[in-house]
Amino acid sequence: MSESDSPVVLIVEDEPAVAEGYELWLEGEYETKRAADGAEALEVVDETVDVVMLDRMMPELSGEQVLAEVRERELDVRVVMVSAVEPDFDVIEMGFDAYITKPPDREELLETIDGLIHRAELDDDLQEYYSLMERKSTLEAQKTEAELAESAEYAELQERIDSARAEADDALGDVGDDQGFVGANRELFGEPESENATLAEDVIDETDAMGGEDEEN
Amino acid sequence: MRRTEDYDVSGVLPENALEELPAGTNVVVTGPSMSGKRRLATRFLAAGLDNGDGVLAVTTDGSLGIDEFERYVEDLDRDRVEILDCSGNDGSSAASGASQRVSTPADLTGISIGMAKQLKTLPTQRLDGLRYGLVTVSTLLQFLDVQTVFKFLHVYTARVDDTDGLGVFTFTGEAHDAQARNTILGQFDAVIRLRETDAGDREVQVRGDGVAPTAWIPFPYGALSAE
């Protein structure tokens, strides 16, 4: 965590005026850091960063390549793609946690970042909910229905279960949305075992070999 | 697509035990192995195919293929059924007609990506509702611990709820103690139990939110075979 305890957002954007605009929206609630391109982003990003806002179209290293390297380092950080192009389904497969269409409006940007900060709590919240449900099952296995109806412990447990569930659902966000659904699974269970992971590694290897040449977008 | 009307499941269970389920409901069919859970779940999923619904099914053991749906629906519109096979099986042990494949039931993120693709492929403009199937939760528990499966089911059932769908699951649970079984069952709104009497007859019971509870009702084997 950072010194101020505010979540840290790293803005990766090559146009200073645009980056400053984001900073203005985020200040107060978040601590911000800036990087002008992908290479600088990889220098700045570390365990203290909670969310990276990544412009998809950047000279030198593309957003996809930066993402692949961030994942490779296994940093506990969520990455938002900011793109002028209406994102296709490949964004989900590529492993971005969310996307924002450029230029974003303030509301959309803050909501997206807030959702991702919340999602970081999802595993802990679900773990708590699971533990309480497990205790409930234990009581149910031990006692008769009549005993349960009179048990203060059981009633209190049920209340705690309801609030733990509400908290987990808050962290879960909107999973009716494809990005939200896959993002929640990615948060809990990690990267898919499919070709995506290998594909990302290939991109980085190739980049090293070619001295960081730009990928087509 | 917002949906407020109930999902029609009339005629699947005997004695009108269950006629409809509210949008967003997640129901699990549980009972001993070979009690007909998969067949019953398939009927619940297929019941809306003639009536404007689409199906997104996940088969964890390769047992739920398009042929299972063709048993119950005459002139099946295959475009309305999307099957994701994560069994890792090849050849004849893989699900027939599966359009998405994930190499192992342990790849939960891969399954979620496949499910998002299923939804993209379905002709959602033409659909009135979505019925999600997961057959079977038991396989997931062979690959993953109880808490991981619990978390996955929480996200999956929330997806069903957030898209106003109907979720249909099967679960044997014989390999687990009562505590683990009940913890998993706690993720569902309604539970349909199957059991076999000492005389070898099958019975069914319905319990849960949004449904009228029933006693144990005789449910003869063969009642679900294709007429």
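Please read these numbers as outputs of a predicted model, since none were measured by experiment. Chain naming here is simple, since letters A, B, ... match the order of the sequence lines and numbering starts at 1 in each.
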* Structure fact -> In terms of heavy-atom pairs under 4.5 Å with chain B, the winner among A:Gly190, A:Ala184, A:Gly180 is A:Gly190
* Option in A:Asp178, A:Leu188, A:Asp169 with maximal non-hydrogen atom pairs under 4.5 Å from chain B -> A:Asp178
* All salt bridge (charged side-chain N to carboxylate O under 4.0 Å, His left out) counterparts of A:Asp123, not counting sequence neighbours -> B:Lys151
* **Heavy-atom pair count under 4.5 Å with chain A, highest-scoring of B:Arg159, B:Lys120, B:Gln187** => B:Arg159
* Can you tell me which residue pairs pass the ring pair (Phe, Tyr, Trp, His ring centres under 6.0 Å) test with a partner in residues 119-144 of chain A, sequence neighbours excluded? => A:Tyr129-B:Phe150, A:Tyr129-B:His154, A:Tyr130-B:Phe150
* For B:Val155 and A:Leu172, what are the C-alpha separation, side-chain angles and deciding distance, and is it a side chain to side chain contact (heavy atoms under 4.5 Å, CB included)? -> CA-CA 8 Å; B:Val155 182; A:Leu172 188 57; 3.9 Å; yes
* **Nearest heavy-atom neighbours spanning A:Val182 and B:Ala116** => CG2-CB, 4.1 Å
* Do you know the tightest heavy-atom contact between A:Asn185 and B:Thr109? -> O-OG1, 3.3 Å
* **Interchain contact, B:Thr148 with chain A, by part (heavy-atom threshold 4.5 Å)** => both
* **Other residues, nucleotides, ligands: >12 heavy atoms within 6.0 Å of B:Arg193 CZ** => no
* Quick one: pull up CZ in A:Arg186 and CG in B:Leu108 and give me the separation to the nearest 0.5 Å. => 13.0 Å
* Structure fact -> Interatomic distance, OG1@B:Thr163 vs CG@A:Asp177, rounded to 0.5 Å, equals 11.5 Å
* To do: Select one option (side chain, backbone, both, neither) describing which atoms of B:Val146 are under 4.5 Å from chain A's heavy atoms.
  => both
* Neighbour count above 12 (heavy atom, 6.0 Å) for A:Glu153 CD -> no
* Asked: Looking at residues at least two apart in the chain, or sitting in another chain, which of them share a salt bridge (charged side-chain N to carboxylate O under 4.0 Å, His left out) with A:Asp76?
  -> A:Arg78
* Proximity of residues 131-145 of chain A to chain B, residues having a non-hydrogen atom under 4.5 angstrom -> A:Met133, A:Glu134, A:Ser137, A:Thr138
* Asked: Is a side-chain donor or acceptor of B:Asp162 paired with a backbone partner of A:Val175 at a separation under 3.5 angstrom?
  -> yes
